[in-house]
Amino acid sequence: MEKYDHKKIEEKWIKSWKKTKLYRTSEDKAKPKYYILDMFPYPSGSGLHVGHPKGYIATDIFARAKMMQGYNVLHPMGWDAFGLPAENYAIANKIHPRAATEKNIATFKNQLGKLGFTYDWEREINTTDPEYYKWTQWTFIKMFERGLAYESNEPVNWCPSCKTVLSNEDLEGGLCERCGTAVERKPMRQWVLKITDYADRLLNDLEKLPDWEESIKEMQRNWIGRSEGAIVKFSIFNFQFSNKSKKSNCQKFIEVFTTRPDTLFGATFMVISPEHKLIQDLKSEIKNWAEVEGYINAAKNKSDLERTDLNKEKTGIKLEGIMAINPVNNEEIPIFVADYVLTGYGTGAIMAVPAHDQRDFEFAIKYNLPIKQVVRPEDILKSIIVTETVEKGLKDELVKSKIEFTIGLSRNGREHIRIVLKEYQINKFIKMVQSYLKGDGWVDIIGARNILVFKDKVFENFQFNDLKLFERLKRTEPLVRKYNSIWEMLWHNSFYEEFVCYIGEGVVINSGDFTGMKSNQARSKMAKEFGKLTVHYKLRDWVFSRQRYWGEPIPIIHCEKCGNVAVPEKELPLKLPEVKNYQPTGTGESPLANIKEWVNTKCPKCGGKALRETNTMPQWAGSSWYYLRYIDPKNKKALVDKVKEKYWSPVDFYVGGAEHATRHLIYARFWHKFLYDIGAVNYDEPFTRLQQVGLIMAEDGRKMSKRWGNVINPDEIVEKFGADSLRVYEMFMGPFNQPCAWSTNGVIGARRFLENVYKLKDKKLYDCQGGDCKIKESGLPKLLHKTIKKVTQDIEDFHYNTAISAMMIFVNFAGKLDAMPRGALENFLKILAPFAPHLCEELWSELGNKESIFKQPWPKYNPELVKDETINLVIQINGKVRDTLKVLAEISEEEAKKIALESEKIKKWLEYKEIIKVIFVKGKLVNIVI
RNA sequence: GCAGGCGUGGCGGAAUUGGUAUACGCGCUAGCCUUAGGAGCUAGUGGAGCAAUCCAUGAGAGUUCGAGUCUCUCCGCCUGCACCA
């Protein structure tokens, strides 16, 4: 018996496949096409760990299976090599980014080469190749010509450590996604792409993508953040004199965006963000300017992180000397500047409705501003909360839950708590009470007119319409007591206070003519009458420039006379110049600004003196369209040939990490839609099916990282167990899209399985045609066809773990036989081949086959063989299994019932019992109800 | 806080339309082969019980002849977003 020598086998076939160009792809109209794509890697300095190839293995299996199923498969690979990490790595190691990138690509390619992938390396692309980024620049110019790329001076996210601007998508909770430094907000000159013009299409077209995972679509919807509401104008008055009646219209307005125009009557003050332009315009009208300016400056110095800290107390300053007019009722309301209102969202100013908004409520409480309820649910329940003592625990809970309360003295001189709950606080309050009540105290919630008694489940004159609330209250059961009247209760308890609980649909109150309307109705009516219906998006325009060296130069020339002019198309690519010092300057200028001979140029329009743009593009630029270039990687005339693109596009299946859900995948969809609009491509969505890869964690459950020293290098695993074992193991770990911890013992399991496969070649093999096959009795052909069916379907569904499990069952079974039909082994090898390509190709050739196994057609299962002739008929009594009988699958209902009742085991259970009915499920079971 | 997802042995995880819960793998136990070893072979392996049998899919309820699967409530975990007006 030969030993399974994975090294010999794998080296042999990798060489052979390379020689025969097994994976070379070209357009072939005779075959249906299949384009399967991996998210191309960023070649970092540390090389691959075992988690990286997971997605590549999965697509490789898919690609090989599709090839055998008669598809013309495109499965390319390339490098996303521009960007900060490569540049930082180069600076740290004192080498040129280009050299660092080349070195890293070589490492990656070598590592990937050992795993037996089907990539057509003749289509390899690299985003840092001038022939590639020529077309990135070309697209930028097309956007510029259509007004979709523009210069802006808005405040942007600046990372002081990476010394560059970042887009919103590059932040993680206010920190730089790369280095974890708190980002500063600075107004800076930037190139920006108008992705917001595409917001609606990006949102609506998600509906066209049924084969995307719902979670990713949901993330994109949230990121785009469409909300419908109204823009309402509030005019501003100033006071000429101290006398309030002498006021004049100063011709200024505050525009606010609100999703709840039905609460307009409840607006009791206004808040504008510290960066709002209007404040500067109102400078002369504001009497306490010095104080206001101090606040604005303080806000400026706070990092985004500090400002968005939810636990911090709200602060603000009243703008003295001016008031706003609420257009619905002409009431004068004060204006505040406060940093809980953000510049970046809506209009940067809000109308504050403290009765219906948690944040406004907190602010109103702090500054003692009026709170006016204008919407209430249909039913009001007045209730009383009673506590035995004012215990410290309850107070702490109330403080923690941000529920307002006051402590007073009751009639007998002891403390009591007064709690005023708002509409949106009720759930929180009930939760709080519940958690608090785990202690020794107790609380009753008793209606002012009705008495609720939970313990005995008696509810006199109970008027709750909301059963959910009732259920919740019920859960406080052990702590509830019964009283005959409120007075008895009050007497029994020394103190109490009242709270109001609102239940049901919203009804507008205290709102003039609108009073009594349903909240929904009032929303659109009031919006139309007092403002303008508007749609607002959370998505911001894409900040597209970086003040760094290692990126595509933005192909724009600044001319004093002509303004911004695009670099003429024939001068593309605009190559990144060689530079001695590529360290970031930190001044907001790119290192390119120091190369005078490059910066100084002529205006292509007027020929006059002009300067080149020195910012570069972000990392996400090149990756926004790379999948198109694989189709036609060497085209010098166009980004992609439209005929070829029509054949291959769209990408049928795209597999990659979920971390790209709101960046790469939104950018690429935007870029693609733009290319579609200018007629460069044929379809308006780039990726038909999308699957995310679940992360492989280290054995200790943490992320694999140098920092923890828990990284496993695939090279070691390939060396010790073989690429095929690694492939099978990674696919067997669990559901593909779920995170999963690495286990080297698990690889051993996969290796054992492949060794068992290898041993099958020592079986006696014989040819067997049709019915006269002795082995048929063993059940092997039946099992084979069931396995083919399952594996075929599981590959399509990306359920590789269960496919492998089915193949293990087959091998375990076949391993016990002395002999097997040659055809069965061959067919089995074909379905295993995508998973363990080297081993299967080897065994296939040892069986005497000359042509590669991957050129063989995928085996078809015989539907007749997949059916079971006999089944185990389950006999249940009252749903519990009492017996199983082996019967023909086609057994009739009557016969099944008959033999079920005749069974000895069943008879025993039926003694002295009456049979109520007997249920028969064809091919499955008989259930006797007694 | 909001949205999406998940919860099954010691572990990773299986389980068509509701129909034999725990497939497959790891680990573990016993035995075998071997001078020895395990990345070998055989058998066993949810819990309780001598057994018949009973109990088990986060908890509790509901629908059903029958629930891991459907409905409701709660608890816990993961992911994303988050002072989004």
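As a basis for the values below, the full set of heavy atoms in this structure was taken, side chains included, without hydrogen atoms, waters or symmetry mates. Chain letters run A, B, ... following the sequence lines, proteins first and then strands; every chain starts at 1.
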Distance in angstrom units between A:Glu659 CD and B:C81 P, rounded: 12 Å

Pairwise C1' distance, B:C72 and B:U63 [rounded to whole Å]: 11 Å

Per A:Pro735 side chain, nearest of listed nucleotides B:G80, B:C83, B:A14: B:A14

Salt bridge present between A:Lys7 and A:Asp5 (N-O < 4.0 angstrom): no

Sugar-phosphate only, base, or nothing, as touched by A:Lys917 at under 4.0 Å among non-hydrogen atoms: sugar-phosphate

Aromatic plane relationship, A:Tyr800 with A:Phe798 - under 30° parallel, 30 to 60° tilted, over 60° perpendicular: tilted

Secondary-structure notation, RNA chain B, from Watson-Crick and G-U pairs under 3.5 angstrom (| other strand): (((((((..(((......[....)))((((((.......))))))(((....)))..(((((..]....))))))))))))....

Separation of atom NE2 in A:His276 from atom C1' in B:A85, rounded to whole Å: 13 Å

Pairing of A:Glu755 and A:Arg752 as salt bridge, 4.0 angstrom limit: no

A:Asp200 and A:Arg226 ion-paired at < 4.0 Å: yes

Separation between the C1' atoms of B:G47 and B:U22, rounded to whole Å: 13 Å

Test: A:Lys720 and A:Glu716 ion pair at under 4.0 Å: no

Chi-angle category of B:G25 [syn within 90° of 0, anti beyond]: anti

base_contact_polar (B:C83 base, A:Lys314 side chain, donor-acceptor, <3.5 Å): yes

Length of the line joining A:Arg221:CZ and B:C84:C1', which is rounded to integer Å: 18 Å

A:His536 and A:Tyr345 aromatic centres sub-6.0 Å: yes

Sequence-aligned protein contact record of nucleotides 21-39 of chain B, with B where the base is within under 4.0 Å of a protein heavy atom and S where only the sugar-phosphate is: --BBSSS-----------B

From CA spacing to verdict: side-chain contact (heavy atoms from CB on, under 4.5 Å), A:Lys922, A:Glu893: CA-CA 7 Å; A:Lys922 197 166 182 291; A:Glu893 175 162 0; over 6 Å; no

A:Asp883 CG to B:G19 P, straight-line distance once rounded to whole Å: 21 Å

Spacing of the C1' atoms in B:A51 and B:G5 (rounded, Å): 45 Å

Step-by-step salt bridge (charged side-chain N to carboxylate O under 4.0 Å, His left out) determination, A:Lys217 to A:Glu213: CA-CA 7 Å; A:Lys217 288 200 269 189; A:Glu213 274 179 62; over 6 Å; no

C1' atoms of B:C50 and B:U16, separation to the nearest Å: 41 Å

Atom pair distance, as rounded to whole Å: NE2 in A:His660 and P in B:U79: 17 Å

Contact list for RNA chain B against residues 923-930 of chain A - heavy-atom distance below 4.0 Å: A:Lys924, A:Leu925, A:Asn927, A:Val929

Ring centers of A:Phe753, A:Phe732 separated by less than 6.0 Å: no

Between B:C84 (P) and A:Asp339 (CG): distance, integer Å: 13 Å

Pair A:Trp223 and A:Tyr537, ring centroids less than 6.0 Å apart: no

5' priority, RNA chain B, between A:Gln738 and A:Asn878 [closest heavy atom]: A:Gln738

C1'-based separation of B:U45 from B:A36 [nearest Å]: 28 Å

Non-hydrogen side-chain atoms of A:Met270 and A:Phe234 separated by less than 4.5 Å: yes

A:Gly346 or A:Lys880, whichever maps to the more 5' nucleotide of RNA chain B: A:Lys880

Atom C1', compared across B:C77 and B:G66: separation rounded to whole Å: 31 Å

Integer angstrom distance from the P of B:U29 to that of B:U34: 23 Å

Atom-to-atom span, CE of A:Met219 to C1' of B:U79 - whole angstrom: 6 Å

Nearest-Å distance once atom P is located in both B:A3 and B:C84: 14 Å

Out of B:G80, B:U53, B:A85, whichever nucleotide has its closest atom nearest the side chain of A:Thr258: B:A85

Verdict with reasoning, A:Val874 to A:Val926, per side-chain contact (heavy atoms from CB on, under 4.5 Å): CA-CA 6 Å; A:Val874 173; A:Val926 173; over 6 Å; no

Sugar-phosphate, base or nothing in reach of A:Arg882, heavy atoms under 4.0 Å: sugar-phosphate

Whether A:Ser805 side chain and A:Asn801 backbone form a donor-acceptor pair below 3.5 Å: no

